[in-house]
Amino acid sequence: FKIVDTIKAAKVPIVKVNFEQVLDVDISFKNTTPLPNTQLLRAYSELDPRVRDLVLMVKLWARASGVCGAANGHLSAYSFTLMAIYF
């Protein structure tokens, strides 16, 4: 893996890494708040496998359109995920 960026000024410091130029991952430390969110998304995707594809497409669209990213004053990827599932 390759460290792409470190965000020390975030509420919870984040290390952004890239695995083999294929997978981008954000790593945070001492932050258990996202665990229930992950469990919720996993439950939705287990109910219907199409949920995963829908969420990926919405997130890709949001990034490509430049409207995703809480650090830039936009909605977070998680917010887009919840909106896609809700509607």
Side-chain angles (χ1 to χ4, degrees):
F1 69 91
K2 176 184 171 187
I3 297 176
V4 178
D5 195 10
T6 56
I7 304 173
K8 297 176 185 176
K11 289 180 185 177
V12 176
I14 295 173
V15 176
K16 292 181 169 282
V17 297
N18 179 274
F19 290 97
E20 300 179 5
Q21 299 180 351
V22 175
L23 179 65
D24 293 319
V25 178
D26 292 352
I27 301 172
S28 64
F29 301 92
K30 296 184 180 181
N31 182 19
T32 58
T33 303
L35 293 177
N37 299 350
T38 302
Q39 293 168 339
L40 175 66
L41 297 179
R42 180 177 293 131
Y44 284 138
S45 65
E46 288 174 356
L47 288 172
D48 190 333
R50 296 174 297 176
V51 168
R52 182 180 178 275
D53 293 337
L54 172 66
V55 167
L56 285 174
M57 296 309 284
V58 169
K59 287 170 66 174
L60 286 171
W61 167 82
R63 285 187 187 139
S65 299
V67 296
C68 184
N72 298 325
H74 301 293
L75 293 175
S76 67
Y78 184 70
S79 297
F80 278 102
T81 298
L82 292 179
M83 285 194 306
I85 292 170
Y86 181 78
F87 292 107

A.B. asks: Would you compute the distance between atom OG1 of Thr81 and atom CZ of Arg52 and round it to the nearest 0.5 angstrom?
C.D. replies: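 Separation between the atoms: 12.0 Å.
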A.B. asks: Side chains of Lys30 and Val12: closer than 4.5 Å at any heavy-atom pair?
C.D. replies: no
A.B. asks: Is any side-chain heavy atom of Lys16 closer than 4.5 Å to one of Asp24?
C.D. replies: no
A.B. asks: For residues Cys68 and Arg63, determine if any side-chain heavy atom of one lies less than 4.5 Å from a side-chain heavy atom of the other.
C.D. replies: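 In contact.
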A.B. asks: Once side-chain hydrogen bond (donor to acceptor under 3.5 Å, both in side chains) is applied, do any residues pair with Asp48, and if so which ones, sequence neighbours excluded?
C.D. replies: Arg50
A.B. asks: Just by modelled atom types, is the Asn31 backbone N or O under 3.5 Å from a matching donor or acceptor in the Ser28 side chain?
C.D. replies: no
A.B. asks: Can you list the other members of the hydrophobic cluster that holds Phe19, where links are side-chain heavy atoms under 4.5 angstrom apart?
C.D. replies: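 Answer for Phe19: Phe1, Ile3, Val15, Val17, Leu23, Val25, Ile27, Phe29.
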A.B. asks: What about Leu54 and Leu75, same hydrophobic cluster or not, with Ile/Leu/Val/Met/Phe/Trp/Tyr joined at side-chain heavy-atom distances under 4.5 Å?
C.D. replies: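 Leu54 clusters together with Leu75.
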A.B. asks: Can you name the nearest heavy-atom pair linking Gly66 to His74, along with the distance?
C.D. replies: O-NE2, 3.4 Å
A.B. asks: What's in the same ILVMFWY side-chain cluster as Val55, cut-off under 4.5 Å, chained through other members?
C.D. replies: Leu40, Leu41, Tyr44, Leu47, Val51, Tyr78, Leu82, Ile85
A.B. asks: In Å, rounded to the nearest 0.5 Å, how long is the span from NZ of Lys2 to CD of Glu20?
C.D. replies: 13.5 Å
A.B. asks: Do you know the tightest heavy-atom contact between Ala84 and Val58?
C.D. replies: CB-CG2, 3.9 Å
A.B. asks: Tell me whether Met83 at atom CE has more than 12 heavy atoms from other residues, nucleotides or ligands lying less than 6.0 Å away.
C.D. replies: yes
A.B. asks: Nearest 0.5 angstrom please: Ile7 CD1 to Asp26 CG, how far?
C.D. replies: 6.5 Å
A.B. asks: Closer than 3.5 angstrom, by distance alone: can the side chain of Ser65 be matched with the main-chain N or O of Ala62 as a donor-acceptor pair?
C.D. replies: no
